[in-house]
Chemist: 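Before I ask anything, let me first share the structure, which is written out below as structure tokens.
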Amino acid sequence: ETKQAQWSESVHATGTNAAYADRTGCVRCHTSQGFLEYVAEGSDADISVPTDPMQINCYTCHQIHTTFTSDDWALTKPGAETLILQYDGAAIVYDNGNSNQCVGCHQAREVSPAPVLDGADFEITNNRIGVHHAPMANFLLGKLPFELPGETYPTSNPHFGTDGCITCHMATPYGYQAGGHNMGMTYEQHGTEEVNTNGCMTCHSTTPDFESLQAEVSAKLDTLRSQLTAAGIYDPSSELANKGTFSANAVLAYLNYDAVTQDKSLGVHNPGYINALLDNSISAMVDLGYPAALTK
């Protein structure tokens, strides 16, 4: 079947997420059984490590062989998702059509303890401090709890749209390489990487200029990375944080850098918010005595 063929070429089917299938705290999103146990229990506190872990597959997202009717294509977790992180002390609820299924995993993880804006110096005790991989839901909503002051953060995001993630990632596919149940956004054509813009054209009248936006965000990430390296927080060789005690605002800037890097869209998921987050983080580092090569 076409959908199975698309899935077989996807990161869900072949990606490195399988490398974490035997870790207790990882099985919710790195195994099919763990995700389904999370759905059944409503919590990942006591999810067991499966004996034979399976990659994310048809049964993870769809209620296969439940009624043996077309209802079997219903999603296993269709309802709104309360995200793990809070924002300004309040719960963040993601509720956007069929993309609710995606954000059970594609969201930021808790950073605890965490630095406080303008607060006491903060000790990093774990090189992997950060929101973990795939914090896409938080960026789509424009709610990351490590914001620094400066430019105004937008309160809306045109890329949240109807059905969120699915609009672009499951758009009309290009073969088995992108879109559909592959969910990838890029494909190779005659040795050149192309973007599957079929989902974009549901809103845009002309092909969006991804390259300019992503080049801008990449440059800002480079600037912030240089500042964090100079401050001793970032280790470019390991691409992780250094242990030690640093200014609270510098650690917040690092958490923003890490989150944008882990989001992987280079701004596309929420251009205005991601640019403001990086601009304000760069400015915070300038205020701490680490000049920026990039200025607006």
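Predicted, not measured: the structure shown is a model, and the values here were computed from it.
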Chemist: Where do M136 and S265 land on the side-chain contact (heavy atoms from CB on, under 4.5 Å) test, with the steps shown first?
Modeler: CA-CA 9 Å; M136 291 78 174; S265 76; over 6 Å; no

Chemist: Kindly say whether L144 contributes a backbone atom to a donor-acceptor pair with the side chain of N138 at under 3.5 angstrom?
Modeler: no

Chemist: Can you tell me how the ring of Y254 sits relative to the ring of Y234, calling it parallel under 30°, perpendicular over 60° and tilted otherwise?
Modeler: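 Aromatic pair Y254/Y234 classed tilted.
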
Chemist: Would you say the side chain of L85 lies within less than 4.5 Å of the side chain of Q107, judging by non-hydrogen atoms?
Modeler: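 They are not in contact (no side-chain heavy atoms under 4.5 Å apart), so the answer is no.
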
Chemist: E194 and Y174: side-chain donor and acceptor closer than 3.5 Å?
Modeler: no

Chemist: Quickly, which of Y94, Y273, F139 forms a ring pair (Phe, Tyr, Trp, His ring centres under 6.0 Å) with F160? Name it, please.
Modeler: Y94

Chemist: Applying disulfide bond (SG atoms under 2.5 Å apart) as the test, list every pair that has at least one member in residues 5-53; sequence neighbours left out.
Modeler: C29-C105

Chemist: As a quick check of understanding, evaluate side-chain contact (heavy atoms from CB on, under 4.5 Å) for R23 and H30, giving each step before the final call.
Modeler: CA-CA 9 Å; R23 297 186 185 182; H30 289 272; over 6 Å; no

Chemist: For E41 and I47, indicate whether the former's side chain and the latter's backbone hold a donor-acceptor pair under 3.5 Å.
Modeler: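 Here the side-chain-to-backbone pair does not exist.
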
Chemist: Ignoring hydrogens and angles, tell me if any N or O in the side chain of N96 forms a donor-acceptor pair with the backbone of S99 under 3.5 Å.
Modeler: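 Not a single qualifying donor-acceptor pair exists.
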
Chemist: Are the side chain of T197 and the backbone N or O of C200 linked by a donor-acceptor pair below 3.5 Å?
Modeler: no

Chemist: Tell me whether the count of non-hydrogen atoms from other residues, nucleotides or ligands lying under 6.0 Å of CG in D71 goes above 12.
Modeler: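 Yes - once you tally the heavy atoms of other residues, nucleotides and ligands closer than 6.0 Å, there are more than 12.
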
Chemist: Does S10 reach the side chain of M183, with side-chain heavy atoms less than 4.5 Å apart?
Modeler: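 A side-chain contact is absent here, since even the closest heavy-atom pair is not under 4.5 Å.
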
Chemist: Which atom names give the shortest non-hydrogen contact between N157 and P271, and what distance separates them?
Modeler: OD1-CD, 4.3 Å

Chemist: Sequence neighbours left out, what passes ring-ring contact (aromatic ring centres under 6.0 Å, His included) with H190? Give chain and number order.
Modeler: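 With sequence neighbours excluded, H190 shows a ring-ring contact (aromatic ring centres under 6.0 Å, His included) to no residue whatsoever.
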
Chemist: Treating T66 as the side-chain partner and D72 as the backbone partner, does any N or O pair qualify as donor plus acceptor under 3.5 Å?
Modeler: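 Judged by distance alone, no pair lies under 3.5 Å.
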
Chemist: Assess, by modelled atom type and distance only, whether the side chains of N280 and Y153 contain a donor and an acceptor separated by less than 3.5 Å.
Modeler: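 Yes.
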
Chemist: Can you say whether the rings of H65 and F68 are parallel (under 30°), tilted (30 to 60°) or perpendicular (over 60°)?
Modeler: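 If you compare the ring of H65 with that of F68, the planes turn out parallel.
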
Chemist: Determine whether L221 and V217 satisfy the following criterion, side-chain contact (heavy atoms from CB on, under 4.5 Å), listing intermediate values before the conclusion.
Modeler: CA-CA 6 Å; L221 284 170; V217 170; 4.2 Å; yes

Chemist: T60 versus T76: any side-chain heavy-atom pair under 4.5 Å?
Modeler: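 Side-chain contact under 4.5 Å: no.
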
